[in-house]
Amino acid sequence: MSLYIILMGVQGAGKGEQAKFIRDRYGIPHVSTGDLFRAMKTREDDLAKRVQQIMASGNLVDDATTNEVVKDRLSQPDARGGVIFDGYPRTPNQAAWLESYLAERGEKINAVILLDLDLYTAFKRAFGRVSTAAGSTYNIYFNADGLQEFKFEDHPEKQFPPRLVAVEQGTGERLVRRPDDASADAILKRIDTFVATTQPLIDYFDAKNLVKRVNADQSIEAVSTAIQQVIGV
Ligand code: AMP
């Protein structure tokens, strides 16, 4: 049996971790259209150039192009048993195309998994994240035990929000934030965009009874267990 799973969740809901879990548990590849488009960066053909331009402008790639790229990905041998979609579909049009494409092959979308997380928690997961150069990650709101200290410090020009300073216990290393996590505005904008683009899709799939909501405000393992129950195999 093939397994086509759509994974949705606001940034910070743990989509990456859970995509890995599903991939390993069910042996199906993780297909992120964002990754597929980014992989076109080094290509010089017309399609790749058009995609690069659209992504640089921050807009969505048009549905026809996106569906074409997905169709090509689904035709590859490792996708024969199904895939986990991440970042796709982004519009009801893409969803409708995917359904009819799968139906022609006697397949269907098995589940749309929505990693449910309240938006304030999503904000804090991004805004509070700090890491060492080697990649150990902490969060000032949820996982601060390994920190010697953290505080907010004024910028020289008093920009808002103030700068977060955090130091790792033991090593004394000063931790860094991803640049896009340091701006409260940018995080809110990403959350806003997620809500605006996802709601029509949730409505679309809810009408078909396909949406399975999983509480993402629990440990990674607990979320994985809940996902396994939802998939039901
Ligand atoms: P992501 O990594 O999913 O945030 O995607 C990065 C960029 O790729 C987006 O801002 C869009 O320009 C483009 N993109 C990714 N997935 C889609 C999609 N399903 N439909 C349209 N554009 C997409």
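Atoms within a ligand are numbered from 1 in the order they appear, just like the ligands themselves. Below, each value reflects all heavy atoms present in this structure, side chains not excepted, and no hydrogens, waters or symmetry copies. Bear in mind the structure is a predicted one, so any value in this text is a computation, not a measurement.
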Nearest protein heavy-atom contact for [atom]: which residue, which atom, what distance?
atom                    : answer
atom 13 (C) of ligand 1 : F37 CD1, 3.7 Å
atom 19 (N) of ligand 1 : G87 O, 2.9 Å
atom 8 (O) of ligand 1  : M55 CE, 3.6 Å
atom 4 (O) of ligand 1  : R90 NH2, 3.3 Å

Heavy-atom contact under 4.0 Å between N59 and ligand 1?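 Under 4.0 Å: yes for N59.
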Could you check if a side-chain atom of I231 sits within less than 4.5 angstrom of a side-chain atom of K212, using non-hydrogen atoms only? no
Can you tell if the side chain of F160 reaches within under 4.5 Å of the side chain of D154, non-hydrogen atoms only?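 A side-chain contact is absent here, since even the closest heavy-atom pair is not under 4.5 Å.
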Of all heavy-atom pairs between R80 and S2, which one has the smallest distance, and what is that distance?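 So the minimum-distance heavy-atom pair works out to O-OG, 3.5 Å.
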What is the minimum heavy-atom distance between N139 and K124, and which atoms define it? ND2-O, 3.3 Å
Check each atom of ligand 1 against the heavy atoms of [X] and keep those under 4.0 Å away; list them by number with element.
X   : answer
Q94 : 18 (C), 19 (N), 20 (N), 21 (C)
R38 : 2 (O), 6 (C)
G34 : 1 (P), 2 (O), 3 (O), 5 (O), 15 (C), 16 (N)
T66 : 18 (C), 19 (N), 20 (N), 21 (C)

Purely on distance, is any nitrogen or oxygen of T33 under 3.5 Å from one on ligand 1? yes
Full working for side chain to side chain contact (heavy atoms under 4.5 Å, CB included) between V112 and M8: CA-CA 7 Å; V112 177; M8 296 198 295; 3.5 Å; yes
Which one holds for V61 and ligand 1: side chain close, backbone close, both close, or neither close, with close meaning a heavy atom under 4.0 Å? both
Specify side chain, backbone, both or neither for D63, according to which of its non-hydrogen atoms lie closer than 4.0 Å to ligand 1.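 It is neither part, as no heavy atom is under 4.0 Å.
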In terms of ring plane angle, is the pair F21 and Y26 parallel, tilted or perpendicular, where the classes change at 30° and 60°? perpendicular
Taking the inter-plane angle between the rings of W97 and Y88 on a 0 to 90° scale, is it parallel (under 30°), tilted (30 to 60°) or perpendicular (over 60°)?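 Because their plane-to-plane angle is over 60°, the rings of W97 and Y88 count as perpendicular.
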Test: R177 cationic atom under 6.0 Å from F127 six-membered ring centre, within 45° of axis: yes
